[in-house]
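Protein chains get the first letters and strands the later ones, always in sequence-line order, with residue 1 at the start of each.
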2 protein chains.
Amino acid sequence: MARPRKFDEEQAVDAALEAFWTTGYEATSTQELCEATGLGRSSIYNTFHSKRDLFRRALALYIDRRTGELTELLDTDLTIHAKIGTLLERVVAEESEHDRGCFFVNSAIELADRDAEVAQELERDYRRRLDALTAAIESGRRDGDVDRAKDARALAHFVIATIGGIRVSARAGADRAALESVARTALTAL
Amino acid sequence: MARPRKFDEEQAVDAALEAFWTTGYEATSTQELCEATGLGRSSIYNTFHSKRDLFRRALALYIDRRTGELTELLDTDLTIHAKIGTLLERVVAEESEHDRGCFFVNSAIELADRDAEVAQELERDYRRRLDALTAAIESGRRDGDVDRAKDARALAHFVIATIGGIRVSARAGADRAALESVARTALTAL
DNA sequence: CTTGTTTTGTATCGATTGGTTCAAAACACG
DNA sequence: CGTGTTTTGAACCAATCGATACAAAACAAG
């Protein structure tokens, strides 16, 4: 038919994700996007149409990966207490290891009230995580390590908020020991 | 001595704060800063030297106000449980009323890993809030509505993280009922 | 090898960015 | 009423912004 692409599209989105993740949307220039992806301007605009569209692709890729990790964890046969415990522990470890935070949280804070489509994507993912967690908690009731008097959905909201809280605290300078104590205290509320 | 200022400096910082708060640092142009403050470029640069310096002034103003509100609340003679309850309830109410979030959280996410001085200011304020909360919890032990087996400092970290978590969840699209359930669940961990 | 279609690199677009220059205007002080 | 000092407004700066134009290059299909 015609001249074929010389690059892999998902690989380019992945590189763009790295750039947006470490620098944020506004502060990442199209020039930096070119350098990060290794593509020329034409290739980027021909494929992704605009900086904003490329960002949305990067966000979707990130969300897919993260949701994949979550469902994978929830599908193990750990107790629900252990599942949530390792979930929080992973967040603490990640925040301690680098300092670019979580791309979901970063995007929510920077763009959610300014870009309706980004906000919708974030909200959709929030609901997906909420439903997955709620189901896991519901079905984990028999484990006996979750307060049966508490609403599973409320606990799921709480777990999600705790994750966000740990991430904000990490960005505000809390050290690893502090983050770990937050995780431990949160587990107490289950 | 010389020609006097025609504007009030704190009032200008306050106007700049509004602009930075609703739009973020990068996305707020110096032109918008002029319009928000009602000042000309010369006045702004003569007084504040740079966009970044003006931002730091705005952040300091915001932090001062917020810390003032917190210490005021902690100085009441409510039980520690009630203090933290109204603290969380205020956050939920604020996040439900408008959609620009919290300037502290916004700044932490957008700038903390890119501007060392901003990070330092945020970290200092984190510690101030932590100390105030820790003291209040410690002295509220006798109320009997806080688990005496738990470390006061750990609970303080947890309260701060819960606030951040509620704010992130709000930005991600959680509704008021969800945020309230998070606050309720968190109180359970005390 | 031609033809048709797409990708790619380069050059460039107008607009906007944060910031400066400079002279006129404004006032306190003597 | 000068005089000295500062503030103010307007014009202006190079640099960068996101995005486009366009032709050469690359390849599949015939």
Side-chain angles (χ1 to χ4, degrees), chain A residues 1-60 103 106-107 110-111 114-118, chain B residues 1-60 103 106-107 110-111 114-118:
Chain A
M1 292 257 275
R3 178 176 179 176
R5 290 243 170 89
K6 237 176 12 183
F7 65 94
D8 177 65
E9 197 166 311
E10 175 166 333
Q11 201 171 318
V13 175
D14 193 23
L17 166 60
E18 289 293 316
F20 281 129
W21 192 352
T22 56
T23 323
Y25 176 76
E26 291 288 347
T28 303
S29 69
T30 56
Q31 180 58 33
E32 291 173 302
L33 255 13
C34 290
E35 290 160 10
T37 58
L39 303 183
R41 302 185 83 67
S42 309
S43 298
I44 285 188
Y45 277 92
N46 183 38
T47 312
F48 304 108
H49 313 108
S50 71
K51 178 184 172 181
R52 194 171 150 254
D53 281 7
L54 177 53
F55 178 87
R56 295 222 304 262
R57 286 284 302 268
L59 180 59
F103 191 55
N106 296 357
S107 302
E110 187 184 358
L111 297 173
R114 201 148 45 87
D115 187 319
E117 301 193 53
V118 166
Chain B
M1 294 263 273
R3 177 175 179 176
R5 289 242 169 91
K6 243 182 1 191
F7 65 93
D8 178 65
E9 198 167 309
E10 175 165 332
Q11 201 170 317
V13 175
D14 193 23
L17 167 59
E18 289 294 315
F20 282 129
W21 193 352
T22 58
T23 322
Y25 176 76
E26 290 289 345
T28 303
S29 68
T30 55
Q31 180 58 34
E32 292 173 301
L33 254 13
C34 290
E35 290 159 10
T37 57
L39 303 182
R41 300 186 86 66
S42 309
S43 299
I44 286 188
Y45 276 93
N46 184 35
T47 312
F48 304 108
H49 313 107
S50 73
K51 178 184 173 183
R52 194 169 151 255
D53 281 8
L54 177 53
F55 178 87
R56 294 219 307 259
R57 286 283 302 269
L59 180 60
F103 191 54
N106 297 357
S107 302
E110 186 184 358
L111 297 173
R114 200 145 46 86
D115 185 320
E117 301 193 50
V118 166

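- Contact check for F55(B) versus D115(B): no side-chain heavy atoms found under the 4.5 Å cut-off.
- If you measure from atom OH of Y45(A) to atom C1' of dT8(C), you get 16 Å, rounded to the nearest angstrom.
- With rounding to whole Å, Y25(B) atom OH is found 12 Å from dT17(C) atom C1'.
- When rounded to the nearest whole Å, the span between CD1 of I44(B) and P of dG9(D) equals 11 Å.
- Going from atom CG of N46(B) over to atom P of dA10(D) covers 16 Å, rounded to whole Å.
- Between the E110(A) side chain and the E26(A) main chain, a donor and an acceptor come within less than 3.5 Å of each other.
- The side chain of S29(B) places an N or O atom within less than 4.0 Å of a non-bridging phosphate oxygen (OP1 or OP2) of dT17(C).
- In this structure, K6(B) atom NZ and dT5(D) atom C1' are separated by 17 Å, rounded to whole Å.
- Nucleotides of DNA chain D nearest to E32(A) and H49(A) differ in position, and the one nearer the 5' end is that of E32(A).
- If you check distances only, the side chain of T47(B) never reaches the base of dT7(D) with a donor-acceptor pair under 3.5 Å.
- Set against dT10(C), dG18(D), dT17(C), the side chain of S42(A) has dT10(C) as its closest nucleotide.
- The cationic atom of K51(A) (NZ for Lys, CZ for Arg) lies less than 6.0 Å from the six-membered ring centre of Y25(A) and within 45° of the ring axis.
- Under a 3.5 Å cut-off, the side chain of T37(A) and the backbone N or O of C34(A) do form a donor-acceptor pair.
- For the pair F48(B)/V13(B), a side-chain contact is recorded, criterion being any heavy-atom separation below 4.5 Å from C-beta on.
- Side-chain to base pairing of R41(A) with dG9(C): no donor and acceptor N or O lie closer than 3.5 Å to each other.
- L54(B) places its CG atom 16 Å from the C1' atom of dT17(C), with the value rounded to the nearest Å.
- Of the side-chain N and O atoms in K51(A), none sit less than 4.0 angstrom from OP1 or OP2 of dT20(D).
- Each of dC17(D), dC27(C), dT7(D) was ranked by its minimum atom distance to the side chain of Q31(A); first place goes to dC17(D).
- Rounded to whole angstrom, the span from the CZ atom of F48(A) across to the P atom of dT7(C) amounts to 12 Å.
- Distances shown here put every side-chain N or O of R3(B) at or beyond 4.0 Å from the OP1 or OP2 atom of dT5(D).
- Between the CG atom of L33(B) and the C1' atom of dG19(C) there is a distance of 13 Å, rounded to whole Å.
- Checked by distance alone, S50(A) brings no side-chain donor or acceptor within 3.5 Å of a matching partner on the base of dA19(D).
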